[in-house]
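Just so you know, ligand 1 is whichever comes first in the structure, and atom 1 is the first atom listed for that ligand. Starting from 1, each residue takes its place in the sequence as its number.
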Amino acid sequence: MHNKLIVENLEKVYKTEVETIAVRDFNLKMNSGEIVTLAGPSGSGKTTILFCIASLLEPTFGKIIVNNKVINTFLAEDLIAYRRNIVGIIFQNYNLIEYLTVFENVAFPLWLAEKKKKDVKERVNDLLDKLDIARYAQTFPCFLSMGEQQRVAIGVALANDPEIILADEPTGNLDRKTADIVINLLINEVEESRKILVLATHDEKIIHDSARVISLEKRT
Ligand SMILES: Nc1ncnc2c1ncn2[C@@H]1O[C@H](COP(=O)(O)OP(=O)(O)OP(=O)(O)O)[C@@H](O)[C@H]1O
Ligand SMILES: [Mg+2]
């Protein structure tokens, strides 16, 4: 049986004035319905790994294989389709669009995918309900608490119903109760819809509760 997501010998070196080896020889194999937690101190390469899987960064060495295709050699058109339809990323710093309302932020990936207006409305309202932020639909992100903005960011990542969810510190700014709600929501997505979830976190409780943890070391 093939694995849905394979990361093979991933290495990422940032070449600025100094060379930083952010990731070295990272390997991962996952099938639908699985969750992996990336743990490790600040600077150990968690965000870098997620960005490489999301194809937002190009690996220095190694391969990312999704559905039997090496995505880091994709050309523009396939890359756009991959980013639009296959992966959804919850950014550590949210990356919400400040001049769009909460509704519009979550709708944005669906507009890009040219979904029908009626379907967009239904999908966004459903997600806002699930994330318990429906009352902020017409509000701009800057008026929301960090925890509420975090939930909008999750809505954006889930909008296109991606097969692979990448979550970068999704509970970083949430209290325990809200953090548990958010994590359970992501776990439900994985279980109900047979998705893949790669989760980067410092949260000791999440790490403790995770069946599969990869601990990264900081490189100097
Ligand atoms: N664009 C960049 N240019 C140069 N160095 C970078 C860049 N992005 C990240 N790095 C470096 O790569 C290393 C890994 O960073 P990364 O952000 O992946 O770590 P992290 O585990 O996500 O950390 P945190 O827990 O603080 O979010 C760090 O040493 C960081 O300074
Ligand atoms: Mg990070």
Side-chain angles (χ1 to χ4, degrees), residues 5-30 34-66 71-72 74 79 82-83 87-97 105 141 145-158 162 164-176 178-180 182-183 185-187 190 196-220:
L5 168 67
I6 302 174
V7 182
E8 223 172 68
N9 309 118
L10 177 67
E11 178 169 314
K12 179 67 190 177
V13 182
Y14 291 107
K15 290 175 182 134
T16 46
E17 309 88 80
V18 288
E19 282 204 348
T20 308
I21 303 170
V23 179
R24 172 163 276 171
D25 202 23
F26 175 82
N27 292 280
L28 177 67
K29 281 185 181 173
M30 292 181 76
E34 291 185 344
I35 301 175
V36 159
T37 301
L38 302 181
S42 189
S44 58
K46 302 183 292 299
T47 298
T48 304
I49 291 169
L50 295 184
F51 274 34
C52 287
I53 298 174
S55 86
L56 298 175
L57 273 179
E58 208 178 316
T60 309
F61 185 80
K63 284 183 194 160
I64 316 277
I65 303 163
V66 177
I71 63 127
N72 45 314
F74 273 0
L79 262 188
Y82 172 74
R83 290 184 193 133
V87 277
I89 182 160
I90 303 162
F91 291 94
Q92 192 163 10
N93 51 1
Y94 314 145
N95 280 13
L96 299 176
I97 303 171
N105 264 279
S145 73
M146 298 301 254
E148 289 155 357
Q149 289 187 41
Q150 180 68 288
R151 279 179 279 162
V152 181
I154 293 171
V156 176
L158 297 183
I164 300 175
I165 306 169
L166 307 169
D168 200 357
E169 291 284 356
T171 60
N173 291 296
L174 309 183
D175 58 45
R176 185 75 264 152
T178 320
D180 288 344
V182 162
I183 284 299
L185 197 126
L186 289 174
I187 292 172
V190 174
I196 277 180
L197 172 63
V198 187
L199 182 84
T201 190
H202 285 116
D203 186 324
E204 288 299 334
K205 179 169 184 287
I206 297 174
I207 295 168
H208 179 266
D209 293 346
S210 301
R212 205 170 151 197
V213 179
I214 300 179
S215 292
L216 302 160
E217 305 286 334
K218 178 152 174 54
R219 334 197 127 260
T220 47

Ligand 1: which protein N/O atoms lie under 3.5 Å from its N/O atoms?
unit_1   : atom_1 : unit_2 : atom_2 : d
ligand 1 : 18 (O) : Thr48  : N      : 3.0
ligand 1 : 18 (O) : Thr48  : OG1    : 2.5
ligand 1 : 19 (O) : Gly45  : N      : 3.3
ligand 1 : 21 (O) : Ser44  : N      : 3.2
ligand 1 : 21 (O) : Gly45  : N      : 3.1
ligand 1 : 21 (O) : Lys46  : N      : 3.0
ligand 1 : 21 (O) : Lys46  : NZ     : 2.8
ligand 1 : 22 (O) : Thr47  : N      : 2.9
ligand 1 : 22 (O) : Thr47  : OG1    : 2.8
ligand 1 : 23 (O) : Gly43  : N      : 2.8
ligand 1 : 25 (O) : Lys46  : NZ     : 2.8
ligand 1 : 25 (O) : His202 : NE2    : 3.3
ligand 1 : 26 (O) : Ser42  : OG     : 2.4
ligand 1 : 27 (O) : Gln92  : OE1    : 3.2
ligand 1 : 27 (O) : Gln92  : NE2    : 2.8

Should Ile183 and Leu199 count as side-chain neighbours, where that means a heavy-atom distance under 4.5 Å?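 Yes. Closest side-chain heavy atoms under 4.5 Å.
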Would you say Thr171 and Gln150 make side-chain contact, with heavy atoms under 4.5 Å?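 Thr171 does not reach Gln150 side chain to side chain.
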Side chain to side chain contact (heavy atoms under 4.5 Å, CB included) partner of Ile64, the single match among Ile49, Ile71, Leu28, Ile6: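 That would be Ile71.
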Sort by chain and number the protein N/O/S atoms that are closer than 2.8 Å to the Mg ion (ligand 2), and list them. Thr47 OG1, Gln92 OE1
Checking the side chain of [X] only, and the main-chain atoms of [Y] only, is there a donor and an acceptor separated by less than 3.5 Å?
X	Y	answer
Asn9	Asp25	no
Asn105	Ile97	yes
Lys12	Glu58	yes

Results of ring pair (Phe, Tyr, Trp, His ring centres under 6.0 Å) for Phe26 - residues two or more places apart only: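 Phe26 satisfies ring pair (Phe, Tyr, Trp, His ring centres under 6.0 Å) with no other residue.
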Listing request: all salt bridge (charged side-chain N to carboxylate O under 4.0 Å, His left out) pairs with a residue in residues 199-209, at least two apart in sequence or in separate chains. Arg176-Asp203, Asp180-Lys205, Lys205-Asp209
Pick out which of Gln92, Lys46, His202 makes a side-chain hydrogen bond (donor to acceptor under 3.5 Å, both in side chains) with Glu169. His202
